[in-house]
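Here's the structure, in structure tokens; my notes come after.
Note on naming: letters A, B, ... go to the chains in the order of the sequence lines (proteins, then strands), and numbering restarts at 1 for each one.
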Amino acid sequence: MHDIKEIRKDIDAFKKALEKRFIDIDYEKLKSLDILNRELIQKKEILEREKKDISKSKDETLFEKSKNISQSIDKIIEEQKKIKFDLDKILSNIPNIPHKDVPYGKDENDNVEIKRYGKIRKFEFVPKSHYELGEKLCMLDFDLASKTTGTRFVFVKKKLALLERAISNFMLDTHISKNGYEEISPPLLASENSMYGTGQLPKFENDQFEVKLEEGSDRKFLIPTAEVILTNIVRNTMMDLKSLPLRFVASTPCFRKEAGSYGKDTKGMIRQHQFYKVELVSIVEQNKCLVELERMTNCATRILDLLELPYRKMILCSGDMGFSAEKTYDIEVWIPSEKKYREISSCSSCSTFQATRMKTRYKDQNKETLFVGTLNGSGLAVGRTLIAILENYQEKDGSITIPKVLRPYMNNLERISLN
RNA sequence: GGAGAGAUGGCUGAGCGGUUGAAAGCACCGGUCUUGAAAACCGGCAAAGGGGCAACUCUUUCCUGGGUUCGAAUCCCAGUCUCUCCGCCA
């Protein structure tokens, strides 16, 4: 959420900064609502002052007048609330301003590759897709999932289920013991406030699974990413400067409706309604966001290095970035069957955008109250890592070699094959 | 699910319907003292919003939302959350 005071100072600069985002904002309306809002506040405060004086004087002859003032105040408040509501509605739908490092561009085609890592394996046979391999091994079952649940779900079975668990544990252990993150096993439901805090609401309600509880109770949502919960840990708090930075990691299922991606990646487990993801979240002093973003991205790529999977690092263009992000790196892993790189991690700095929504602040050395910076990144998406391992480590007979670092997590199993 | 108790500033914790934005303590900041530190003593210390170039000033805020009243942290109603006891249960 942007501060209207900052916008007011230089609305043209604000407009310009957001041009890169390709979104429609009614700036004239924003401006006029802001002015109207402040006018009403002033009117109200003058009357309140008057009322307060009467009350203090305890002069009974003025009590009747005070009553009348109350009525006028009520009217003004009602009007002002409406204006403020409209104003907030516009504000809460404006995305974060892209950092100046962010390349200009409309969509994913304009993302810029920074560097490639690892060696792409040369196959002496035509590499199969992960779903062909998984189904042949009888360890990925999409039909069964559509029977019990519906489309965009999958059963992972036997040794692949073990592999999935191994991937998750390996990532967690690495982030905890090597990268300095604190392990969390969080709730998988988030309140409406939490969803607002990280920016999923109000704009992206359509992507969320809402859970029906009792009639009249507060709304709850299945988390689309652990980012929601991990970041909201600090919602509405005054942080101790000494406690920063905070770094959390969690491995959780994530739930997304994937509305608007009908017909996209329908085959296989690239895009599911439910998937595991190891999530990294950092809470930092606001001027340390970009340094932390580099650090976090390195924590994510380290996993791929250890798994010996080829990948490339991308910086997202302005048009492809998420709502709350000021700067985002995507990590894309090589998928042999598609002969292309696919997203396996996304690391973003949200600057103070989420903190202003969450009201998370700290006092710096000068005792000035500032909003914290928040960052989140996948470290990594477990399901897609499973896919990458299946495809990159496949053998001609359809068996899968297990990456060395994962073997300790799988009773030293070296290979997954049909038997 | 049944029965109670509670929610106050960064934290702990007082608070007869009218100088209570809120005692006290802790923490924090500044100063005196000290070779330095600690202790002691003195002083400062909430947030949000509005107006002003500024010094400054005004309004709001004691969980949230309604209500009573000239006036509410204090009284009434509803809700949320927390805690204790009982029951049930992974």
B/A54 to B/A14 separation - P atoms, rounded to the nearest Å: 42 Å
If the condition is ring pair (Phe, Tyr, Trp, His ring centres under 6.0 Å), which residues does A/Tyr311 pass it with, not counting sequence neighbours? A/Tyr117
Residues pairing under ring pair (Phe, Tyr, Trp, His ring centres under 6.0 Å) where one sits in residues 10-32 of chain A, two or more places apart or in two chains, turn out to be A/His2-A/Phe14, A/Phe22-A/Tyr104
Please give the distance between the C1' atoms of B/C26 and B/A46 as a whole number of Å. 16 Å
Pick the closest RNA chain B nucleotide for A/Lys58 and for A/Lys51 by heavy atoms, then say which residue is nearer the 5' end. A/Lys58
Taken in chain and number order and not counting sequence neighbours, the residues that satisfy salt bridge (Lys or Arg N to Asp or Glu O under 4.0 Å) with A/Asp141 are A/Lys157
Could you list the donor-acceptor pairs under 3.5 angstrom formed by side chains in residues 371-381 of chain A, with sequence neighbours left out?
residue, atom, partner, partner atom, Å
A/Thr374, OG1, A/Gln354, OE1, 2.6
A/Asn376, ND2, A/Glu227, OE2, 3.2
A/Ser378, OG, A/Ser346, N, 3.0

When rounded to the nearest Å, what value does the distance between P atoms of B/G9 and B/G79 take? 24 Å
Name all residues meeting the ring pair (Phe, Tyr, Trp, His ring centres under 6.0 Å) criterion together with A/Phe142; count only those two or more places apart in sequence or in a different chain, and write none if there are none. none
Would you be so kind as to tabulate the donor-acceptor pairs closer than 3.5 Å made by side chains of residues 188-196 of chain A, with sequence neighbours excluded?
residue, atom, partner, partner atom, Å
A/Ser191, OG, A/Ser194, N, 3.2
A/Ser191, OG, A/Ser194, OG, 3.3
A/Ser194, OG, A/Arg235, NH1, 2.8

Side chains of A/Tyr329 and A/Leu316: closer than 4.5 Å at any heavy-atom pair? no
Between B/C53 and B/G67, how far apart are the two P atoms, rounded to whole Å? 37 Å
Residue set satisfying ring pair (Phe, Tyr, Trp, His ring centres under 6.0 Å) with A/Phe170, at least two apart, ordered chain then number -> none
Integer-rounded Å distance: B/A72 P and A/Lys56 NZ: 13 Å
Taking only the P atom of each, what is the distance from B/U74 to B/U69 in whole angstrom? 16 Å
With sequence neighbours excluded, residues passing salt bridge (Lys or Arg N to Asp or Glu O under 4.0 Å) with A/Glu285: A/Lys288
Strictly under 4.0 angstrom, non-hydrogen atoms only: write out the protein contact profile of nucleotides 44-62 of chain B, one letter per nucleotide from the 5' end, B, S or -. --SSSBSS------BBS--
Taking the six-membered ring where the residue is Trp, are the ring centres of A/Phe275 and A/Phe255 under 6.0 Å apart? no
Distance, P atom - from B/U8 to B/C75, rounded to whole angstrom: 16 Å
Using atom P of each nucleotide, how far apart are B/A72 and B/G21 to the nearest Å? 11 Å
Take the protein atom NZ of A/Lys359 and the nucleotide atom P of B/G10, then report the distance between them rounded to whole Å. 14 Å
Rounded to the nearest angstrom, tell me the gap between atom CG in A/Leu244 and atom P in B/G10. 16 Å
In this structure, which stretches of RNA chain B are paired as stems of three or more consecutive Watson-Crick or G-U pairs, both distances less than 3.5 Å? B:1-7 with B:80-86, B:10-12 with B:24-26, B:28-32 with B:40-44, B:46-51 with B:56-61, B:63-67 with B:75-79
Which whole number of Å gives the distance between the C1' atom of B/G66 and that of B/C89? 38 Å
Counting only non-hydrogen atoms, which of residues 60-81 of chain A are less than 4.0 Å from RNA chain B? A/Phe63, A/Ser66, A/Lys67, A/Ser70, A/Lys81
Going by atom type alone, with no hydrogens or angles, which donor-acceptor pairs under 3.5 Å involve a side-chain atom of residues 60-68 of chain A and a protein atom two or more places apart or on another chain?
residue, atom, partner, partner atom, Å
A/Thr61, OG1, A/Asp59, OD1, 2.7
A/Thr61, OG1, A/Asp59, OD2, 3.3
A/Lys65, NZ, A/Glu50, OE2, 3.3

Measure the shortest side-chain to side-chain distance between A/Met321 and A/Ser348 over non-hydrogen atoms and say whether it is less than 4.5 angstrom. no
